[in-house]
Amino acid sequence: MFIDLLRKRRSIRTFQDKPVEQVKIDLLIEAMLRSPSSRGLNPWEFVAVQNRETIEALSRAKQHGSAFMKDASLAIVVCADPERSDVWVEDCSIASILLHLQATDLGLGSCWVQIRRREHDEKRSADAYVSDLLDLKEGMVVEAIIAIGYPLQEAPGHPASSLLTDKVSYERYGRKA
Ligand SMILES: Cc1cc2nc3c(=O)[nH]c(=O)nc-3n(C[C@H](O)[C@H](O)[C@H](O)COP(=O)(O)O)c2cc1C
């Protein structure tokens with residue numbers, strides 16, 4: 001059942017020194033390309049990076065929260081042309097989460113690295129840094145990078161007892177079951 005995948009899903013930030021097989025990369029790409037998007041406009045584009053030096057450079061995109069990516073075997077940069085859709089953020093987020101879930105289903109660890117609205121340093125946004133590094137087309141913007149690889153350590157899924165059931169109302173806000 002799909003819920004079993006969600007029950008074991010975690011963000012994984014430590015990776016084995018082992019490449020992701022091409023057959024798995026193809027499935028990851030297929031999962032992203034099957035994402036729903038508003039009005040079917042598909043404003044996203046993806047850059048799959050396996051080159052070690054490039055991944056290391058991507059891991060320096062921000063001061064916090066991206067360094068762990070240096071050990072990933074694969075980094076998929078999720079970017080978009082904002083001119084194509086006013087809800088490109090939602091569309092990119094859906095593609096990113098489907099990628100994260102597909103990776104989990106393939107026995108791969110993965111973690112979202114936020115790029116949009118994050119800074120590389122005082123002078124440059126993380127978005128501009130990644131755009132320069134990958135020669136993105138003029139006007140393209142970067143939402144996130146999904147770091148992927150074989151997990152070094154398994155992280156247990158969140159126990160049912162930790163779920164924030166208080167966040168849910170029924171029929172009216174605040175009405176609990
Ligand atoms: C929109 C978004 C942005 C995130 N950005 C980062 C990030 O930049 N660096 C990072 O290490 N984790 C990032 N994460 C992963 C979260 O920290 C993680 O999902 C959260 O701590 C819950 O842990 P879990 O995914 O293992 O349940 C991001 C997750 C989301 C959904």
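Indexing begins at 1, ligand by ligand and atom by atom, following the structure's order.
Listed by atom number, the atoms of ligand 1 under 4.0 Å from H158 heavy atoms are 24 (P), 27 (O). Residue-ligand proximity, K62 to ligand 1, at heavy-atom distances under 4.0 Å covers atoms 7 (C), 8 (O). For ligand 1, the atoms sitting less than 4.0 Å from at least one non-hydrogen atom of F68 are 11 (O), numbered in the order shown with element in parentheses. The atoms of ligand 1 that sit less than 4.0 Å from any heavy atom of V113 are 7 (C), 8 (O). Ligand 1 places these atoms under 4.0 Å from at least one heavy atom of R9: 24 (P), 25 (O), 27 (O).
At the top of the distance list for atom 9 (N) of ligand 1, counting protein heavy atoms only, stands G65 O, 2.8 Å. Looking only at heavy atoms of the protein, atom 6 (C) of ligand 1 is closest to W112 O, 3.0 Å.
The backbone N or O of I115 sits nowhere less than 3.5 Å from a side-chain atom of K62 that would complete a donor-acceptor pair. Distance alone, capped at 3.5 Å, places no donor-acceptor pair between the T54 side chain and the Q50 backbone. Distance alone, capped at 3.5 Å, is enough to place a donor-acceptor pair between the D91 side chain and the S38 backbone. The backbone N or O of G149 lies less than 3.5 Å from no partner atom in the side chain of S73, so there is not a single donor-acceptor pair. The main-chain N or O of K70 is found under 3.5 Å from a side-chain atom of R52 such that the two form a donor-acceptor pair.
Residues Q102 and L106 form a side-chain contact, since some pair of their non-hydrogen atoms from C-beta on lies under 4.5 Å apart.
For atom 2 (C) of ligand 1, the nearest protein heavy atom lies closer than 4.0 Å.
If you look at C111 next to ligand 1, the close heavy atoms, those under 4.0 Å, all belong to the side chain. No part of R118 comes within 4.0 Å of ligand 1, judged by heavy-atom distances.
Between S11 and ligand 1, at least one pair of N/O atoms sits closer than 3.5 Å.
Around atom 15 (C) of ligand 1, the closest heavy atom drawn from R116, R13, R10 belongs to R13.
Connection of L58 to V141 is not established within any shared hydrophobic cluster, with ILVMFWY side chains joined at heavy-atom distances below 4.5 Å, either directly or through further cluster members.
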**OP:** Take L33 and F46 through the test side-chain contact (heavy atoms from CB on, under 4.5 Å) and record every step on the way to the result.
**Re:** CA-CA 9 Å; L33 294 176; F46 310 102; 3.9 Å; yes
